[in-house]
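Structure record follows, encoded as structure tokens.
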Protein chains: 2
Amino acid sequence: MTALQSPFARKLGAFVTLSTLELSVLERLHSRRRTFVAGRDISHEGQTDQAAYILASGWVCSYKLLTNGSRQIVDFQIPGDFLGLRSVLLRTADHNIEPVTLIEASEVPVKDLMETFDATPRLGAAVLWAASRDEAMVVEHLVGLGRRDARERMAHFLLELSARLKLVGLATADGYACPLSQYLLADALGLSAVHVNRVLRELREMGLVTFQNGQVTFQDFDGLVALADFDTAYLDHEGPLMP
Amino acid sequence: MTALQSPFARKLGAFVTLSTLELSVLERLHSRRRTFVAGRDISHEGQTDQAAYILASGWVCSYKLLTNGSRQIVDFQIPGDFLGLRSVLLRTADHNIEPVTLIEASEVPVKDLMETFDATPRLGAAVLWAASRDEAMVVEHLVGLGRRDARERMAHFLLELSARLKLVGLATADGYACPLSQYLLADALGLSAVHVNRVLRELREMGLVTFQNGQVTFQDFDGLVALADFDTAYLDHEGPLMP
DNA sequence: TGCAAAAACTGACGGAGATCAGTGTGGCGA
DNA sequence: TCGCCACACTGATCTCCGTCAGTTTTTGCA
């Protein structure tokens with residue numbers, strides 16, 4: 001049963017029990033598999049007629065550019081996450097989407113999405129719920145940018161990723177593989193790359209985490225949680241409201 | 001026809017033409033009118049069994065508190081806006097909601113919301129679309145916190161409010177009434193109240209805007225737009241995707 | 001109408017983080 | 001296997017904004 005293996009089904013399955021029918025509908029959504037190379041944007045701000053995608057493997061970032069040349073990464077998507085759902089609903093993309101690594105994603109045409117909502121309302125509710133959870137993460141990110149200092153921000157970010165990756169089996173209690181450069185971290189955390197480097201060194205010297213060679217390793221998980229004021233409440237809500 | 005007068009109908013009506021049936025359903029959603037005094041929270045992080053509300057008059061803010069005592073306001077709601085929709089979908093509130101002024105709001109029980117989705121799918125789509133638009137505003141706020149300096153942030157904020165208030169007839173080209181204290185502005189913009197005061201003075205001395213006695217008045221709208229790098233694209237999307 | 005309390009406002013000072021201007025290093029395409 | 005380019009890393013300096021410690025003005029209410 002490959003649907004059970006897909007990170008998307010795995011994520012939803014952690015919150016709702018899916019029937020065999022629902023699993024097979026999920027499977028069907030995965031039929032238009034496509035790959036994209038790292039660095040070349042999948043979609044641009046202002047573009048219309050966007051498709052949505054479900055990410056099967058690899059990492060992606062969503063960002064906005066300012067006219068002064070700086071950019072702000074809004075969030076990263078990891079396997080099992082939806083891509084560009086808001087752009088579909090608004091008919092126009094309000095941000096850019098760039099694969100950070102080589103990725104595999106399943107295109108989900110609007111029509112299929114609507115039909116899924118119709119045919120299996122429970123799956124529709126699950127998708128809506130997953131979207132709300134993603135929005136809660138954006139809100140938490142916003143709070144961090146507004147009211148946490150650089151160290152707390154970094155600590156919080158690494159912990160959030162850990163929680164998200166665990167859900168799809170891509171992280172252990174010890175750590176995880178992370179393909180993000182310090183430039184990407186800087187654009188996500190609202191810092192300069194120089195300062196990201198210093199903060200990472202600090203956390204390492206404090207014996208909390210190391211981030212080296214694309215590998216995040218927790219040295220003192222609880223210490224990091226305390227530093228970041230990390231509370232998983234915004235991540236582990238109950239499952240979707242079922243029709 | 002009072003439904004046409006309601007800010008919510010007015011907002012949706014700016015993007016979709018509503019049938020008489022739809023207007024009357026909208027009217028029905030407004031039946032459980034309640035008032036709340038300023039300062040006493042309507043809902044708290046972690047609370048379950050939340051109701052959603054449609055704001056009829058007054059201003060509200062949604063915020064999160066950190067354990068270090070600081071707070072970050074995620075967004076303000078003005079008449080016509082939905083309140084606590086995400087909290088309903090997640091079953092648990094992920095933020096606090098506080099009326100900034102005395103407000104009137106219509107409680108929308110989950111059941112009614114679901115029935116509306118069923119009976120008038122076009123209205124359901126409109127609500128979903130409005131929610132996506134709100135999320136786009138949160139994203140733009142996040143970008144500002146990450147990559148704009150204090151002046152740009154303030155300018156952008158005042159302009160966004162102007163655009164939103166115009167839509168429900170609460171602002172003119174010249175300005176609008178704004179009940180927000182400098183402390184509230186500070187918590188929204190990720191600044192200290194002291195610095196908010198300085199920035200406001202600067203903008204006034206630059207001849208761009210004044211914010212005095214609860215009144216925002218534009219002196220040089222285009223200059224402010226240029227300073228803020230303000231692009232309304234994220235606010236004026238096409239109307240909802242209709243079933 | 002009078003006085004607390006909240007909000008607006010100000011100057012002096014300090015610090016977190018940006019910017020500048022580099023050096024080191026590992027991966028990969030020619 | 002050489003050289004290039006992206007990325008990691010570092011010290012020195014500057015600046016935006018926070019904090020502190022007030023004063024003044026406005027508001028609400030007794």
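So that the names make sense, note that chain A is the first sequence line, chain B the second, and so on, each numbered from 1.
- Summarising the geometry, atom CG belonging to L203(B) is positioned 7.5 Å from atom CG belonging to L158(B); distances are rounded to the nearest 0.5 Å.
- One can place CZ of R147(B) at 14 Å from P of dC17(D), the figure rounded to the nearest angstrom.
- At whole-Å resolution of the value, CG in N213(A) and P in dA8(D) are 10 Å apart.
- Taking atom CZ of F211(B) as the reference point, atom P of dC9(C) lies 10 Å away to the nearest angstrom.
- At the phosphate of dT10(D), OP1 or OP2 sits under 4.0 Å from a side-chain N or O atom of N197(A).
- Look at CE on M154(A): it is 11 Å from P on dA8(D), rounded to the nearest Å.
- Within the 4.0 Å cut-off from OP1 or OP2 of dT10(D), at least one side-chain nitrogen or oxygen of R201(A) is found.
- Of the candidates dC17(D), dT19(D), dA18(C), the closest approach to any side-chain atom of S192(B) belongs to dT19(D).
- dA8(C) atom P lies 15 Å from atom CD of Q215(B), rounded to whole Å.
- For H141(A) (side chain) and V74(A) (main-chain N/O), a donor-acceptor pair under 3.5 Å exists by modelled atom type.
- Annotation: side chain of R164(B) is in contact with side chain of M137(B) (closest heavy-atom distance under 4.5 Å).
- S181(A) comes within contact range of the sugar-phosphate backbone alone, with a heavy-atom separation under 4.0 Å but no base atom that close.
- Here G39(B) lies out of heavy-atom contact (under 4.0 Å) with every strand.
- Mapping Q182(B) and V194(A) onto DNA chain C by nearest heavy atom places Q182(B) closer to the 5' end of the strand.
- Below 30°, between 30° and 60°, or above 60°: for F36(B) and Y53(B) the angle between ring planes is above 60°, a perpendicular geometry.
- The interatomic distance linking E205(A) (CD) with dC9(D) (P) rounds to 11 Å, in whole Å.
- Out of dT19(D), dT19(C), dA8(C), the shortest distance to the side chain of Y183(B) is found at dA8(C).
- Residue R151(A) contributes atom CZ, which lies 13 Å from atom C1' of dG15(C) at whole-angstrom precision.
- With rounding to whole Å, L191(A) atom CG is found 10 Å from dA16(C) atom C1'.
- A side-chain donor-acceptor contact under 3.5 Å links D81(B) to the backbone of I78(B).
- At the heavy-atom level, L200(A) lies nowhere under 4.0 Å from the strands shown.
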